[in-house]
Amino acid sequence: GGLHSAENGAPENTMAAFERCVAHGFGFEFDVRLTADGKLMIMHDDSTLRMTGTDLRISRTSSAELDKLRVGQTEERIPYFSQVLEMVSGRVPLIIELKAENGNHAQLCEAVERELSSYKGEYVVESFDPRVVRWYKLNRPQTARGQLTEDFFNTSSTLPAPLKWALKHQVMNFVTLPD
């Protein structure tokens, strides 16, 4: 997420890293997660441990609690999706990865779309979760969407083996129709 450099006070997925991208005219990718109180915040992992030193789950924590954390050894906070959109203001393209947790895919998509409805810049949404891509196909077919995949057998995923195989080989693409 972003043109990050911990040494220069711009850890990944922070406003400082995103501002560096915009200053250089680079588009960038970032991960959007839904907090326990329905806010949209930017962080790659559901756990805040790697980036803040405090182990909280974004999906189970209120935005007010997450606001208290600092990223790395900086004054940077976990940014809100709305802050990123406002700062970028259409100046560079965005790749927005939606990170669904515990079946919150529809709520996540709806919240992201509320924010994007007035955004005037170029963007694409993507996800590892085919339910997110399917939601966009059905509800916002004009939005460019991407289906991400990985070798789910070489991750810590607890998904059943048949589902891991299906996701790895993108067999849901006939339903989700990613761009």
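All values derive from a computational prediction rather than experimental measurement.
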Worksheet entry | Residues that Arg140 engages under salt bridge (charged side-chain N to carboxylate O under 4.0 Å, His left out), provided they are two or more places apart | Glu113
Worksheet entry | For His105 against Asp129, the heavy-atom pair lying closest together | CB-OD2, 4.2 Å
Item to complete: Locate the shortest heavy-atom distance separating Gln147 from Ser127; write the atom from each residue and the value.
Response: NE2-O, 3.2 Å
Practice prompt. Would you mind reporting whether Tyr136 and Val112 have side-chain heavy atoms less than 4.5 Å apart?
Written response: yes
Worksheet entry | Donor-acceptor contact present, side-chain Gln83 to main-chain Met15, <3.5 Å | no
Worksheet item: Honestly curious: do Leu69 and Phe30 fall in one hydrophobic cluster under the side-chain, below-4.5 Å linking rule?
Response: no
Worksheet item: Can you list the residues that meet the salt bridge (charged side-chain N to carboxylate O under 4.0 Å, His left out) rule with Glu97, with sequence neighbours excluded?
Response: Lys99
Worksheet item: Phe18 vs Phe28 aromatic rings, parallel, tilted or perpendicular, using cut-offs 30° and 60°?
Response: parallel
Practice prompt. Answer yes or no: are there more than 12 heavy-atom neighbours, outside Glu110 itself, under 6.0 Å from its atom CD?
Written response: yes
Worksheet item: Can a donor-acceptor pair be found between the side chains of Asp37 and Ser62 at a distance below 3.5 Å?
Response: no
Worksheet item: When rounded to the nearest 0.5 angstrom, what distance separates OG in Ser63 from NZ in Lys68?
Response: 11.0 Å
Worksheet item: Between CG of Leu66 and CZ of Arg57, what distance do you get to the nearest 0.5 Å?
Response: 12.0 Å
Worksheet item: Say you draw a straight line from CG of Leu98 to CZ of Phe81; how long is it, rounded to the nearest 0.5 Å?
Response: 7.5 Å
Discussion item. Quick check for you: to the nearest 0.5 Å, what is the distance between Asp67 atom CG and Arg77 atom CZ?
Written reply: 6.5 Å
Worksheet item: Between OG1 of Thr61 and CZ of Arg33, what distance do you get to the nearest 0.5 Å?
Response: 11.5 Å
Response to the item:
Of all heavy-atom pairs linking Thr14 and Pro11, the shortest is OG1-O, 2.5 Å
Discussion item. Measuring only between side-chain heavy atoms, which start at C-beta, is Leu94 closer than 4.5 Å to Glu122?
Written reply: no
Worksheet item: Any donor-acceptor pair under 3.5 Å linking the side chain of Tyr119 with the backbone of Gly90?
Response: yes
Discussion item. Is there a side-chain contact between Tyr123 and Thr143 in this structure, where contact means two heavy atoms from C-beta onward sitting under 4.5 Å apart?
Written reply: yes
Discussion item. When you measure from the side chain of Arg91 to the backbone of Val88, do you find a donor-acceptor pair of N or O atoms at a distance under 3.5 Å?
Written reply: yes
Worksheet item: Distance-only, no hydrogens or angles: does the Asn104 side chain make a donor-acceptor pair with backbone N or O of Ala100 under 3.5 Å?
Response: no
Practice prompt. Treating Ile, Leu, Val, Met, Phe, Trp and Tyr as nodes and any side-chain heavy-atom pair under 4.5 angstrom as an edge, say whether Ile95 and Val84 lie in one connected cluster.
Written response: no
Worksheet item: Under 3.5 Å, side chain of Glu76 to main-chain N/O of Arg70, donor-acceptor pair present?
Response: no
Worksheet item: What residue among Val125, Val132, Val124 forms side-chain contact (heavy atoms from CB on, under 4.5 Å) with Arg145?
Response: Val125
Practice prompt. Ignoring hydrogens and angles, tell me if any N or O in the side chain of His24 forms a donor-acceptor pair with the backbone of Arg20 under 3.5 Å.
Written response: yes
Validation: residues 41-54 side-chain donor-acceptor distances under 3.5 Å, sequence neighbours left out:
{"unit_1": "Asp45", "atom_1": "OD2", "unit_2": "Arg50", "atom_2": "NE", "d": "2.7"}
{"unit_1": "Asp45", "atom_1": "OD2", "unit_2": "Arg50", "atom_2": "NH2", "d": "3.3"}
{"unit_1": "Asp46", "atom_1": "OD1", "unit_2": "Ile58", "atom_2": "N", "d": "3.2"}
{"unit_1": "Asp46", "atom_1": "OD1", "unit_2": "Ser59", "atom_2": "N", "d": "3.0"}
{"unit_1": "Asp46", "atom_1": "OD1", "unit_2": "Ser59", "atom_2": "OG", "d": "3.3"}
{"unit_1": "Asp46", "atom_1": "OD2", "unit_2": "Ser59", "atom_2": "OG", "d": "3.2"}
{"unit_1": "Ser47", "atom_1": "OG", "unit_2": "Leu49", "atom_2": "N", "d": "3.1"}
{"unit_1": "Ser47", "atom_1": "OG", "unit_2": "Asp55", "atom_2": "OD1", "d": "2.7"}
{"unit_1": "Thr48", "atom_1": "OG1", "unit_2": "Thr54", "atom_2": "O", "d": "2.4"}
{"unit_1": "Thr48", "atom_1": "OG1", "unit_2": "Leu56", "atom_2": "N", "d": "3.1"}
{"unit_1": "Thr48", "atom_1": "OG1", "unit_2": "Leu56", "atom_2": "O", "d": "3.4"}
{"unit_1": "Arg50", "atom_1": "NH1", "unit_2": "Glu12", "atom_2": "OE1", "d": "3.1"}
{"unit_1": "Arg50", "atom_1": "NH2", "unit_2": "Glu12", "atom_2": "OE2", "d": "3.0"}
{"unit_1": "Thr52", "atom_1": "OG1", "unit_2": "Thr48", "atom_2": "O", "d": "2.7"}
{"unit_1": "Thr52", "atom_1": "OG1", "unit_2": "Thr54", "atom_2": "N", "d": "3.2"}
{"unit_1": "Thr52", "atom_1": "OG1", "unit_2": "Thr54", "atom_2": "O", "d": "3.2"}

Discussion item. I'd like to check Leu40 versus Glu115 (side-chain heavy atoms, cut-off strictly below 4.5 Å). Are they in contact?
Written reply: yes
Practice prompt. Kindly determine whether Met87 and Val22 satisfy side chain to side chain contact (heavy atoms under 4.5 Å, CB included), including the steps that lead there.
Written response: CA-CA 9 Å; Met87 184 275 296; Val22 172; 4.0 Å; yes
